[in-house]
Amino acid sequence: MDDELSVAEFLAFTNQILDNAFPRVKIYGEVSQLKFWRNQLAFFDLKDSEAVVSCMIPVSALAGIEEGMQVVVIGQPRITAKGRFSISAHVVLPKGEGAIKKSFDLLKAKLEKEGLFDEDRKRILPYPPKTVGLITAHDSAAKADFVKILGERWGGVEVQIADVQVQGEVAISQITAAIEYFNQLADLPDILVITRGGGSAEDLQVFNTEPIVRAVSASRIPTLVAIGHEVDLSLAELAADRRASTPSNAAQLLVPDKQDYLLNLQQTKVRLSQTILGVIEDTKTAISDQLDTLKFNLNSQLDKFKSKLDQQQQIIELLNPRLVLKKGYAMIKKDGKFAKKFSEGEQIEVVLQKQELLATINEVKLNNG
Amino acid sequence: MADKTINELQQKLDQIIAWFESDDVDIEKVTEQYEKALKLISTIEKQLQETENKITKLNTKFS
């Protein structure tokens, strides 16, 4: 190359060659000399017993990392405008069990302080949902288990699958992008399910990275995160509205069991028929009560009538002519009829209380009365 | 009723159950409401047994 280049041109040219040669490098080592610039960028040295390389990364991508920690830096090699060779890092992941645990604790404490795991932020998931955004690896056992259990338990749910990698640093950007994708749809799904099966601590590490935890926490759509593991919960699960232990468990929590539901419907049927019988019984009782009242009223009217009749009977009794006969008076009939005037020689009947006499009038005298 | 979701049918059924449990149950309407409830229950049962989930894979690449 004989052309003369300016310094800037030379560096740009070199960076282009570096880009082509190393679009992405993964380097492991120990973090040292960690410094921050305006809370935006972090600079540190990555070293081992024989060499050192400078690295820079946005502060937001460095959560849970501190000096002395063993890490894997993923990024691109570059020469800065000041001629310094440096790794422009996209992701820094802790390496080895100790570092992973330490990084987890640091990030957990930080996000906890910000309130990302607060219980009062948790939303209630629609039950059962009509639409689900499923973020998982399409060809995984996790997806197969989830779909199988969902189908066994319930019907009519629309599941859209965002096919993503669920481990390795690519997973971080893919899962974050998938969460964002569902959140910008005009018709939001009812629930986002983010799931994968079990794996080693390093496999599950992506679910403890700040971008994913923040994306889960910021989702407008309620989230259910299910990472198959047995020990600690991942930070993504802590930030989710609901968590499940496995992909199958996620499907179980998401929808009712149709067998239980059918049984419940049968019980409703029985309960309704009991209610309807109760209503009929109540109506019968009400009618019978009304009938009793009616009977009572009728009887009391009858009693009143009877007692009036008794009184009238007594009055009539007093007027009975037989009562007069009882006192020794007599009534006189002529030709079977009561008469007031008689002549001598006429045949008469004298009616006494207990006798009737046939007599002939011997003499008629006139009374002055 | 076939175009209604199970959720919607269940809501209608819940309304009828609430009516039965309320104080102003009208004897004139009891049979009609009961029959409505039975019809809803059998539609839900049928839909539950016949409807399958719809699973689609998005074509979008995420990165």
If you round to the nearest 0.5 Å, how far is CG of L294(A) from CD1 of I287(A)?
12.5 Å

Let me confirm one number: the CG-CG distance from L40(B) to L13(B), rounded to the nearest 0.5 Å.
5.5 Å

Sorted by number, residues from residues 153-165 of chain A in contact with chain B (heavy atoms, under 4.5 Å):
W154(A), G155(A), G156(A), V157(A), E158(A), V159(A), Q160(A), I161(A), A162(A), D163(A), V164(A)

With respect to chain B, which residue among I276(A), V132(A), L134(A), V170(A) yields the maximal number of heavy-atom pairs within a distance under 4.5 Å?
I276(A)

Given heavy-atom pairs under 4.5 angstrom as the criterion, report whether the side chain, backbone, both or neither of E21(B) touches chain A.
side chain

Heavy-atom pairs under 4.5 Å with chain A - which of N59(B), T31(B), I6(B) has more of them than the others?
I6(B)

Measure the spacing between CD1 of I135(A) and CG of L224(A) and express it to the nearest 0.5 Å.
11.5 Å

Please check if the number of heavy atoms outside Y127(A) that lie under 6.0 Å from its OH is greater than 12.
yes

Any chance you could measure I175(A), atom CD1, to F62(B), atom CZ, to the nearest 0.5 Å?
11.0 Å

Can Q10(B) and D14(B) be counted as having a side-chain donor-acceptor contact under 3.5 angstrom?
yes

Do E45(B) and S42(B) pair up side chain to side chain, a donor and an acceptor below 3.5 Å, judged on atom types alone?
no

Within residues 204-219 of chain A, residues adjacent to chain B where the heavy-atom gap is under 4.5 Å
none

Look up atom CD1 in I227(A) and atom CD1 in I194(A), then write down how far apart they are to the nearest 0.5 Å.
7.5 Å

Check this for me, if you would: do K12(B) and E8(B) make a salt bridge, where the nitrogen-to-carboxylate-oxygen distance has to be below 4.0 angstrom?
no

Can you name the residues of residues 261-273 of chain A that have some heavy atom under 4.5 Å away from a heavy atom in chain B?
Y261(A), L262(A), L265(A), Q266(A), T268(A), K269(A), R271(A), L272(A), S273(A)

With a 4.5 angstrom heavy-atom cut-off, could you sort out which part of F146(A) is near chain B: side chain, backbone, both or neither?
neither

Proximal component of I16(B), with respect to chain A [non-hydrogen, under 4.5 Å]
neither

Listing, residues 239-258 of chain A side-chain donor-acceptor contacts under 3.5 Å, not counting sequence neighbours, or none:
| residue | atom | partner | partner atom | Å |
| --- | --- | --- | --- | --- |
| D241(A) | OD1 | R123(A) | N | 2.8 |
| D241(A) | OD1 | R123(A) | NE | 3.3 |
| D241(A) | OD2 | R123(A) | NE | 3.2 |
| D241(A) | OD2 | R123(A) | NH2 | 2.9 |
| D241(A) | OD2 | T223(A) | N | 2.9 |
| D241(A) | OD2 | T223(A) | OG1 | 3.3 |
| S245(A) | OG | N249(A) | OD1 | 3.2 |
| T246(A) | OG1 | N249(A) | N | 3.0 |
| N249(A) | OD1 | S245(A) | N | 2.8 |
| N249(A) | ND2 | Q252(A) | OE1 | 3.4 |
| D257(A) | OD1 | Q259(A) | N | 3.1 |
| K258(A) | NZ | L48(B) | O | 3.4 |

Could you grab the distance from atom NZ of K26(A) to atom CD1 of I74(A), nearest 0.5 Å is fine?
5.5 Å

